[in-house]
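Read the structure below first, then the notes.
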2 protein chains.
Amino acid sequence: MAKKQPTILVVNDDGITAPGIKVLIEEMQKIGEVTVVAPEGPQSGTGHAITIGKPLRIDRIYIYPDVEMYKCSGTPVDCVKLAVNKVFKGRKPDICVSGINHGLNNSINVLYSGTMSAAVEGAIEEIPSIGFSYDDLEYDADFSKCRPYIRSITQQVLANGLAKGTLLNVNFPKVDEIKGIKICRQADAKWAEEFDERTDPSNRSYYWLTGVFQLRDRGEDTDVWALQNGYTSIVPVQFDMTAHHAIPELNSWNFNAE
Amino acid sequence: MAKKQPTILVVNDDGITAPGIKVLIEEMQKIGEVTVVAPEGPQSGTGHAITIGKPLRIDRIYIYPDVEMYKCSGTPVDCVKLAVNKVFKGRKPDICVSGINHGLNNSINVLYSGTMSAAVEGAIEEIPSIGFSYDDLEYDADFSKCRPYIRSITQQVLANGLAKGTLLNVNFPKVDEIKGIKICRQADAKWAEEFDERTDPSNRSYYWLTGVFQLRDRGEDTDVWALQNGYTSIVPVQFDMTAHHAIPELNSWNFNAE
């Protein structure tokens, strides 16, 4: 008797025509029944944005054979919401995978990343969810070394499930040979911004946001360390942002003092 | 000898002309030296989005007397980045306050909220940061009951500091009399989306995102409980999203199995 195939929602933030999502679709077709709902254009850096002030479009498109695909005018998080409500219509996919992002989403980038925010939204919807990112920003990035890891990690999540309120943030290093997998914590880092100032033809200033990644963390249990040392990093992520350890201190404050 | 006044960065996501930010500016002027960098228009629901694919504008404007104010074309997070780099020029304000948001940012809304994401960005920059939100979406909301709490909470943060990597999410209930302050954890909840489908003049479908807040948490130590019972809720928030408790389980998985 044929085992029922898992249903898989694929999403990303680089847009539905990005090479990274094509690789992810191909790997997921080896595992289950794939449905794609992805932004019609690039949505990098949109974080957990949703579309409130304007309407959303979602349209069936036909790019890759045997895959049900929809492009969406909104953000990656909008894509997950529309997938759950309008495509799966309340049924839930067995898993939600996001990516493969062109560029790392390690450390603090989990907050800025549309790829990761889509996976976070999947987890909020109680769908086991994984975000995949690769350390190569180029359009013609070679994702071949990521492929077996993507299958293996996805199958482990399908077999074992994920703890309530958690998802996985998977990043791949750009190396000749990946050494293996490290389960990590998010490194403490920030972007030191450098705004590139220019002048437009009307003589008004404008700025391009650029930045340098500043690591503030020397731990060897972080995603940054794992990637720098040739490992695939997996960080379990939670969407409860409460700093539980800070509650006792706040309870000792005197808010009546002015 | 006059004590040096604290420097205060004010930001929001409803835009620089919103009534909520005016109230926050007025309260902050009683405490220190205020600089405002806020979006030129509404940016609700933009989460931790940053502007990558297009340039940013920041312009000095003159709305309220004796306040240094700048409007920015980008997101709330862009505003904080530009404030730190272009307005404060590397000096850091003593505190960053965001809001007052028109509408609650309790529970899971910390992820979607531009107000809270601006405060998160302040915390990443190692500036003590607070987001303020009030349970009234109306333009002519009466923020008067929030005012003494805003002063008191801000002064406590200036006096005590905040634990590394944390910030505060403050929400005010809409009640005749606020009962006091509760230090809380973020309630477990989600938005159950209902996409309002319409047809445009070209006969194509489009959707408006709407939703119903679904509480999945019966705890009495949550922000939702506090607000429902007439208290101001304060949740300490952290930007490390690692689910540390999930690491041992993941270390037991066999990623070589396919």
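Chain naming here is simple, since letters A, B, ... match the order of the sequence lines and numbering starts at 1 in each.
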Most heavy-atom pairs under 4.5 angstrom with chain A, which of B:Asn85, B:Thr46, B:Val77, B:Ile52? B:Asn85
May I ask you to name which of B:Lys81, B:Lys54, B:Glu249 has the most heavy-atom pairs under 4.5 Å with chain A? B:Lys81
Counting heavy-atom pairs under 4.5 Å with chain A, which one of B:His245, B:Arg216, B:Glu197 comes out on top? B:Arg216
Which atoms of B:Leu162 are under 4.5 Å from chain A, going by heavy atoms: the side chain, the backbone, both sets, or neither? side chain
Below 4.5 Å from any heavy atom of chain B, which atoms of A:Val84 appear? Answer side chain, backbone, both or neither. neither
Structural part of B:Lys86 lying under 4.5 Å from a heavy atom of chain A: side chain
Under-4.0 Å salt bridge between B:Asp196 and B:Arg198: yes
Contact part of B:Asp223 toward chain A, heavy-atom cut-off under 4.5 Å: side chain, backbone, both or neither? neither
Applying a strict 4.5 Å limit to non-hydrogen atoms, the region of A:Ile181 in contact with chain B is side chain
Pick one of side chain, backbone, both or neither for A:Ile108, based on which atoms fall under 4.5 Å of a heavy atom in chain B. side chain
Which region of A:Ser205, side chain (C-beta onward) or backbone (N, CA, C, O), has a non-hydrogen atom less than 4.5 Å from a non-hydrogen atom of chain B, or is it both or neither? backbone
In terms of side-chain geometry, is the basic nitrogen of A:Lys182 or A:Asp221 positioned less than 4.0 Å from the acidic oxygen of its partner? no
Chain A shares the most heavy-atom pairs under 4.5 Å, among B:Phe239, B:Tyr206, B:Tyr207, B:Trp191, with B:Tyr207
What part of A:Asn169 gets closer than 4.5 Å to chain B, counting heavy atoms only: side chain, backbone, both or neither? neither
So what's closer than 4.5 Å to chain A heavy atoms on B:Gln43: side chain, backbone, both or neither? neither
In terms of heavy-atom pairs under 4.5 Å with chain A, which of B:Leu82, B:Ile153, B:Val235 leads? B:Leu82
